[in-house]
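Here's the structure we're looking at; comments come further down.
As the structure is a prediction and not an experimental result, all values here were calculated from the model. Sequence positions, counted from 1, serve as the residue numbers for this chain.
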Amino acid sequence: MSFKEDLTLLPKPYYLVNILLSLSYLISKRIPIVCHILGQEECELDSRETEILFFLMIVIMIRTRKAGSVTMINYLSSSFVYTKIANMILWFYADIRMGILFAAVCILCGLLLPEPTYQGPEKVIYLRGATSLQEELQRDTRVMWIVAFYTAWNPACVTFAPIYSQLSAEFALDNFKFGKVDIGRYPDAATKYHISDSSTSKQLPTLILFKEGKEVDRRPYADHKGKLVKFLFSIDNVKAAFDLNNVYQTCKSNLAKRKGKKELKEE
């Protein structure tokens, strides 16, 4: 997603409200008019409040990096939970009544304003575990597959979902298919393909490319020492890592040849 596309999403109520909630305490302290309306005695941040805010910045930087956030919207979505928790602590620290009110507003917004999801086209086949995947791989070994193994609760998987949908819409063919397996629901797939689905796993999501029914490449992968090599799941990185442009052209050429042979036989 480009920066311009990010900007078109910002006016949505979910982002506007959450940005306001994330900055609410800072606004109340740094803008005198708001500060006086809320009955704040001091319109300056004290040392404890400053420490909390600095700690918040560090947490956001670490967590968004781990979540694989690569765009402004990704960073915002990943940070909202932590910024609202920090603001809640600050409001309770300042006035327990304001803390309760802030918590109530956050809960209400969570119920009424869910995060916008990807609404664009996709050509993804959702598979039910290792058996379903194996059946598809063996159904026609001339078909290449790229399969995403994910869990619904993992932030990096949530961030990658719209990217994978966009890739499928761009590259999917009758002989080059995009699949997804929820290893949270189907742990047998995680076991078969040696993917950890623990809360601390660095293998989520995992992308595997299959050719002639066999695995030929994956990201992230383990080096010769068995150490996992970190991979950032952006559109450009996935295209480059799996050489999707060449794979697409090869599959498209093979598809045309098969159709040509079929037409000759019919004649």
Side-chain angles (χ1 to χ4, degrees), residues 1 3 5-118 151-163 198-202 204-205 230 232-234:
M1 186 179 293
F3 182 71
E5 290 174 325
D6 281 350
L7 289 178
T8 61
L9 290 175
L10 276 182
K12 290 182 178 292
Y14 170 82
Y15 296 107
L16 290 177
V17 171
N18 277 282
I19 289 172
L20 183 60
L21 290 174
S22 300
L23 298 174
S24 61
Y25 194 80
L26 197 58
I27 291 172
S28 75
K29 282 288 189 175
R30 301 303 298 175
I31 300 179
I33 296 175
V34 179
C35 181
H36 294 315
I37 290 174
L38 293 175
Q40 299 278 355
E41 294 180 1
E42 296 182 5
C43 295
E44 293 288 339
L45 295 171
D46 62 25
S47 58
R48 178 63 63 83
E49 292 167 339
T50 304
E51 288 174 4
I52 292 173
L53 289 173
F54 271 113
F55 180 72
L56 168 66
M57 291 173 61
I58 294 170
V59 169
I60 290 174
M61 290 174 63
I62 294 173
R63 296 304 300 177
T64 49
R65 290 283 295 178
K66 287 185 176 181
S69 301
V70 293
T71 67
M72 178 180 67
I73 288 295
N74 291 156
Y75 274 105
L76 287 175
S77 298
S78 300
S79 66
F80 282 151
V81 173
Y82 307 106
T83 55
K84 287 188 288 188
I85 290 174
N87 273 270
M88 192 180 302
I89 294 171
L90 289 167
W91 279 117
F92 272 107
Y93 175 72
D95 187 332
I96 190 170
R97 293 169 299 177
M98 294 300 295
I100 293 172
L101 178 61
F102 182 84
V105 171
C106 287
I107 293 171
L108 189 62
C109 289
L111 295 173
L112 299 179
L113 294 174
E115 182 176 359
T117 57
Y118 176 73
T151 63
W153 49 262
N154 183 271
C157 294
V158 174
T159 297
F160 181 58
I163 294 173
S198 69
S199 58
T200 58
S201 175
K202 296 181 180 179
L204 294 173
K230 189 176 179 180
L232 186 61
F233 283 93
S234 67

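- Between Leu90 atom CG and Leu53 atom CG the span is 5.5 Å, to the nearest 0.5 Å.
- Between Ser24 and Phe102, the shortest heavy-atom contact is OG-CE1, 3.3 Å.
- Once rounded to the nearest 0.5 Å, the distance linking CG of Leu113 with NZ of Lys12 reads 12.0 Å.
- Contact detail for Leu21 and Cys106: the closest heavy-atom pair is CD1-SG, 4.2 Å.
- Considering CD1 of Ile107 and CG of Leu111, their distance stands at 7.5 Å, rounded to 0.5 Å.
- Remark: Phe80 engages Tyr14 in a ring pair (Phe, Tyr, Trp, His ring centres under 6.0 Å) (not counting sequence neighbours).
- A distance of 9.5 Å separates CD1 of Ile31 from CG of Leu23, quoted to the nearest 0.5 Å.
- The minimum heavy-atom distance linking Lys84 with Ser22 is given by the pair CG-OG, 4.3 Å.
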### Task
Output, in order, the C-alpha distance, side-chain angles, deciding distance and verdict of side-chain contact (heavy atoms from CB on, under 4.5 Å) for Glu49 and Tyr25.
CA-CA 10 Å; Glu49 292 167 339; Tyr25 194 80; 2.3 Å; yes
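- Closest approach of Thr83 and Asn87 over heavy atoms only: O-ND2, 2.7 Å.
- Side chains of Trp153 and Val158 form no contact here, defined as non-hydrogen atoms less than 4.5 Å apart.
- The shortest non-hydrogen separation linking Tyr93 to Arg48 is OH-CB, 3.7 Å.
- For the side chain to side chain contact (heavy atoms under 4.5 Å, CB included) criterion with Cys109, the lone passing option out of Asn18, Val17, Leu20 is Val17.
- One distance of note links CD1 of Ile100 with CE of Met88; it measures 11.0 Å at 0.5 Å rounding.
- Distance check: Ile89 CD1 to Ile52 CD1 gives 6.0 Å after rounding to the nearest 0.5 Å.
- Across all their heavy atoms, Trp91 and Ser28 have their closest contact at CH2-OG, 3.5 Å.
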